[in-house]
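What's counted below: heavy atoms across the whole structure, side chains too, no hydrogens, waters or symmetry copies.
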Amino acid sequence: MDGTEVKNKDTDKGTRHKGKHDKPKPDVDPAKVWKIVPAPDEACLLEVSSFSTLFPQYRETYLQGVWPQVKSALKEHGITCELDLVKGSMTVSTTRKTKDPYIIVKARDLIKLLSRSVPASQALKILIDEMQCDIIKIGGLVRNKDKFVKRRQRLIGPDSSTLKALEILTECYILVQGNSVSAMGSYKGLKQVRRIVEECMLNKMHPLYNIKVLMMRRDLASNPELANENWDRFLPKFKKKNVKQKKVKSKEKKEYTPFPPPQPPSKIDMQLDSGEYFLSDKKKSAKKWQERQEKQAEKTAENKRKREEAFKAPEEARVQDDDKSHKDDIAAMAASLKNKAKEFGNRKSTNDEIDAEMYIAASGQPSSKKKRKNKN
């Protein structure tokens, strides 16, 4: 019996796995929103919780007009709110009528959204259980101010077209204001919005590429055959291209000298050197008038020359006689005449009878062309 018990213990030890993976994981969706049932009237919170936030001065007039609407919405959940215009702050706190312990966190998000220029009609939707918010701070992601403005405008797009496309695809409300981006929606949508905003501000990926990926994901989700498959093979993979930047020309460092550079001569010093300083006012004005006349004469002459250039006839291209070719033609003609003269001399020496009729056609005889016509 003891031996069998020992064997069973050894086999049990062999099948066990030590570590954190031994515990069974609960099958719970982390993004699921649980509805809170209000507690009975007798139960109440033992401690008072309160949150406060500051708001910019330009939101003061808007908050004054909207505050009664905010106050009545929070009163339904047992939350009191206070607007302090002297300190420029908003405060929310629980009361004995508060039944939902998490509503104070929602009220804190509400005053944060109001201070970030979100309209009150949109910000009050945060009190719904399914609605969450995320405030993304983009001010510290880019150091250069010009680059920050360009990338923020890239996120908004022309006529806010990029922002509207992101709102439709992520099903979230997005507002870009100053150094922060406020978003409202589900957990899944807020996660996508944060990733897209950070990638845009860090210059990792353009928002248009992310929009393209989101559109493809939505199309794939609508297909029931591909619902349980991996979508990586369908999604595009974008690679960042390194664009060549202009090299900054380094200025040559001048040799260090302890003495300051020589002071440039002033106008009075130049007049003293030329002797103009000692002239009378009349002579100075006469000299200036003379210089002005000379400049005017030069200008008129230049303008006249430009006007006359338009009426000048264009130069004709000169035909260059080739002297060599002309000489060659004369020499060839002379040689041919000499050859003919020699032939004529040889014929005389041999006393050949030259028949003139061979060269001159008789007047009575018709030509060969006329004969052909007659035959026809």
Side-chain angles (χ1 to χ4, degrees), residues 54-62 85-88 115-117 137-162 176-181 197-204 206-207 240-321:
L54 301 173
F55 60 87
Q57 191 174 4
Y58 64 86
R59 293 286 289 171
E60 185 176 329
T61 53
Y62 177 77
L85 298 176
V86 179
K87 295 180 180 178
S115 65
R116 302 276 176 178
S117 300
K137 295 179 181 179
I138 57 175
L141 297 177
V142 185
R143 290 185 179 180
N144 193 343
K145 190 176 180 181
D146 295 334
K147 286 184 179 179
F148 171 76
V149 172
K150 285 180 182 178
R151 291 176 189 176
R152 186 179 63 182
Q153 186 60 36
R154 188 189 301 169
L155 182 65
I156 297 167
D159 298 329
S160 303
S161 57
T162 308
V176 181
Q177 177 71 21
N179 294 334
S180 63
V181 179
V197 170
E198 287 179 352
E199 285 181 355
C200 176
M201 296 307 296
L202 295 172
N203 201 25
K204 288 183 178 179
H206 199 279
K240 187 179 177 183
K241 293 180 180 179
N242 293 325
V243 182
K244 289 184 179 180
Q245 297 179 351
K246 291 182 180 179
K247 293 182 179 179
V248 181
K249 293 181 180 179
S250 60
K251 295 181 180 179
E252 295 180 357
K253 291 184 179 180
K254 296 180 180 179
E255 295 181 0
Y256 173 74
T257 54
F259 305 103
Q263 189 175 2
S266 64
K267 193 175 181 180
I268 297 170
D269 293 338
M270 293 169 74
Q271 288 178 353
L272 286 168
D273 292 339
S274 62
E276 188 182 348
Y277 184 77
F278 302 102
L279 297 174
S280 61
D281 294 339
K282 192 174 182 180
K283 288 183 178 180
K284 284 180 182 178
S285 61
K287 189 177 180 182
K288 285 182 180 179
W289 182 82
Q290 184 67 26
E291 289 175 356
R292 200 180 297 116
Q293 290 293 324
E294 288 175 0
K295 286 181 180 178
Q296 192 174 355
E298 288 176 4
K299 193 72 177 175
T300 52
E302 182 70 20
N303 292 336
K304 188 178 179 181
R305 186 181 60 79
K306 286 180 180 178
R307 285 196 300 271
E308 288 175 354
E309 280 180 359
F311 297 101
K312 280 185 180 179
E315 294 181 359
E316 295 181 358
R318 294 178 181 177
V319 180
Q320 295 180 353
D321 297 333

Novice: Measuring only between side-chain heavy atoms, which start at C-beta, is Leu155 closer than 4.5 Å to Ile138?
Specialist: no
Novice: Taking atom NZ of Lys284 as the centre, report whether more than 12 heavy atoms of other residues, nucleotides or ligands fall under 6.0 Å from it.
Specialist: yes
Novice: Grab the two heavy atoms, one from Leu141 and one from Leu202, that are nearest each other, plus how far apart they are.
Specialist: O-CD2, 3.9 Å
Novice: Give a yes-or-no answer on whether the side chains of Asp269 and Ser266 include a donor-acceptor pair shorter than 3.5 Å.
Specialist: yes
Novice: Restricting to non-hydrogen atoms, name the atom on Arg59 and the atom on Ser117 that form the minimum distance, rounded to 0.1 Å.
Specialist: CZ-CA, 3.4 Å
Novice: Determine which pairs satisfy salt bridge (charged side-chain N to carboxylate O under 4.0 Å, His left out) with at least one residue from residues 292-307, sequence neighbours left out, and list them in order.
Specialist: Glu302-Arg305, Arg305-Glu309
Novice: Go through the structure and list residues passing salt bridge (Lys or Arg N to Asp or Glu O under 4.0 Å) with Glu276, not counting sequence neighbours.
Specialist: none
Novice: Taking side-chain hydrogen bond (donor to acceptor under 3.5 Å, both in side chains) as the cut-off, I'd like each qualifying pair that reaches into residues 151-161, sequence neighbours left out, listed once.
Specialist: Arg154-Asn203
Novice: Apply side chain to side chain contact (heavy atoms under 4.5 Å, CB included) to the pair Gln271 and Lys267, showing each step before the final yes or no.
Specialist: CA-CA 6 Å; Gln271 288 178 353; Lys267 193 175 181 180; 4.1 Å; yes
Novice: Contact between Met201 and Phe148 at the side-chain level, heavy atoms closer than 4.5 Å - yes or no?
Specialist: yes
Novice: Search all heavy atoms of Pro56 against all heavy atoms of Ser115 and return the closest pair with its distance.
Specialist: CD-O, 3.5 Å
Novice: Using 0.5 Å steps for rounding, measure from the CD atom of Gln296 to the CD atom of Gln293.
Specialist: 5.0 Å
Novice: What is the minimum heavy-atom distance between Phe55 and Glu60, and which atoms define it?
Specialist: CE1-CA, 4.0 Å
Novice: Do other residues, nucleotides or ligands put more than 12 heavy atoms under 6.0 Å from the OH atom of Tyr62?
Specialist: yes
Novice: Does atom CD of Gln263 have more than 12 heavy-atom neighbours, drawn from other residues, nucleotides or ligands, at distances under 6.0 Å?
Specialist: no
